[in-house]
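Everything numeric in this text was worked out from a predicted model, so none of it was measured.
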Amino acid sequence: MFNSITGIITAKFPKQVLLDNNGVEWDLCVPDSNLDLLPPVGNEAKIYTWLCHTDMIMCLYGFANADERSLFLDLLKVEGVGPKGAVKIMSSVSSSRLTEVLENGDLEMLEAIPGIGKKTAGKMMLTLKGKLKISETSTTVRINVPSAYTDVINSLVSMGYDKKMVEQKISSLSESLKSDKDFTEKSQKEKEDIIFRRAIVELV
């Protein structure tokens, strides 16, 4: 069984990371909440893995650290939650927030998370409450969000998106667009609109 793969990140897409390891490019399914916990494209990264192999499909799942993978495996213990469902849940909410909701027994908030219905929320509460232990050091990432996009962040958070995930996404987008001449020449309002639209697409 693979425990982890270390290599150069060659591409990042929603729920997907491509990683080059000595000429072999691995295609990993990665929760969106983990994308910004990983280094930018072109940098070396260690990605923790879990292999799903059935008669119909083989898929390699990747995580930014061992705790994120542990959360994924814990979600698989919930009846009715498969690998794709676990990735969807983790893409919608940060590990720390999910743990907090479960610890507080906040069933209403749990049901509001995309990918979790009323029935699944009840099963998650029964199976996982009091059993998730996510260390803060493993889920904390230094986020450098330009103050110019504070309004964008506030707008997305008011729409129900997790603030930490929004900050990570806005920071990543603003950094990646710095080298785009067409973007840098636009007005601040136009930049905010572009960042907002891109974030909406990638946070879904």
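- Minimum interatomic distance between Gln16 and Leu35 (heavy atoms only, all atoms of both residues): O-CD2, 4.0 Å.
- In this structure, NZ in Lys118 is found 10.5 Å from CD in Glu108, a value given to the nearest 0.5 Å.
- No side-chain donor-acceptor contact under 3.5 Å links Ser33 to the backbone of Ser94.
- Between the NZ atom of Lys129 and the CG atom of Leu126 there is a distance of 10.5 Å, given to the nearest 0.5 Å.
- Ser155 places a side-chain N or O within donor-acceptor distance of the main-chain N or O of Asp151, the cut-off being under 3.5 Å.
- Few gaps surround NZ on Lys12; more than 12 heavy atoms of other groups in view lie less than 6.0 Å from it.
- Within a 6.0 Å sphere centred on CG of Asn22, heavy atoms belonging to other residues, nucleotides or ligands number 12 at most.
- Atom CZ of residue Phe63 and atom CZ of residue Phe72 lie 4.5 Å apart, to the nearest 0.5 angstrom.
- Within 6.0 Å of atom CD in Glu79, 12 or fewer heavy atoms from other residues, nucleotides or ligands are found, so the atom counts as exposed in its surroundings.
- The distance from atom CD1 of Ile8 to atom CG of Leu18, rounded to the nearest 0.5 Å, is 13.5 Å.
- With sequence neighbours excluded, no residue forms a ring-ring contact (aromatic ring centres under 6.0 Å, His included) with Tyr48.
- Among Glu192, Lys186, Lys191, the one residue that satisfies the side-chain hydrogen bond (donor to acceptor under 3.5 Å, both in side chains) test with Gln188 is Glu192.
- Distance check: Met125 CE to Ile116 CD1 gives 9.0 Å after rounding to the nearest 0.5 Å.
- Under the salt bridge (charged side-chain N to carboxylate O under 4.0 Å, His left out) criterion, Lys77 pairs with Asp74, sequence neighbours left out.
- Remark: Met109 CE is loosely packed, at most 12 non-hydrogen atoms of other residues, nucleotides or ligands lying under 6.0 Å away.
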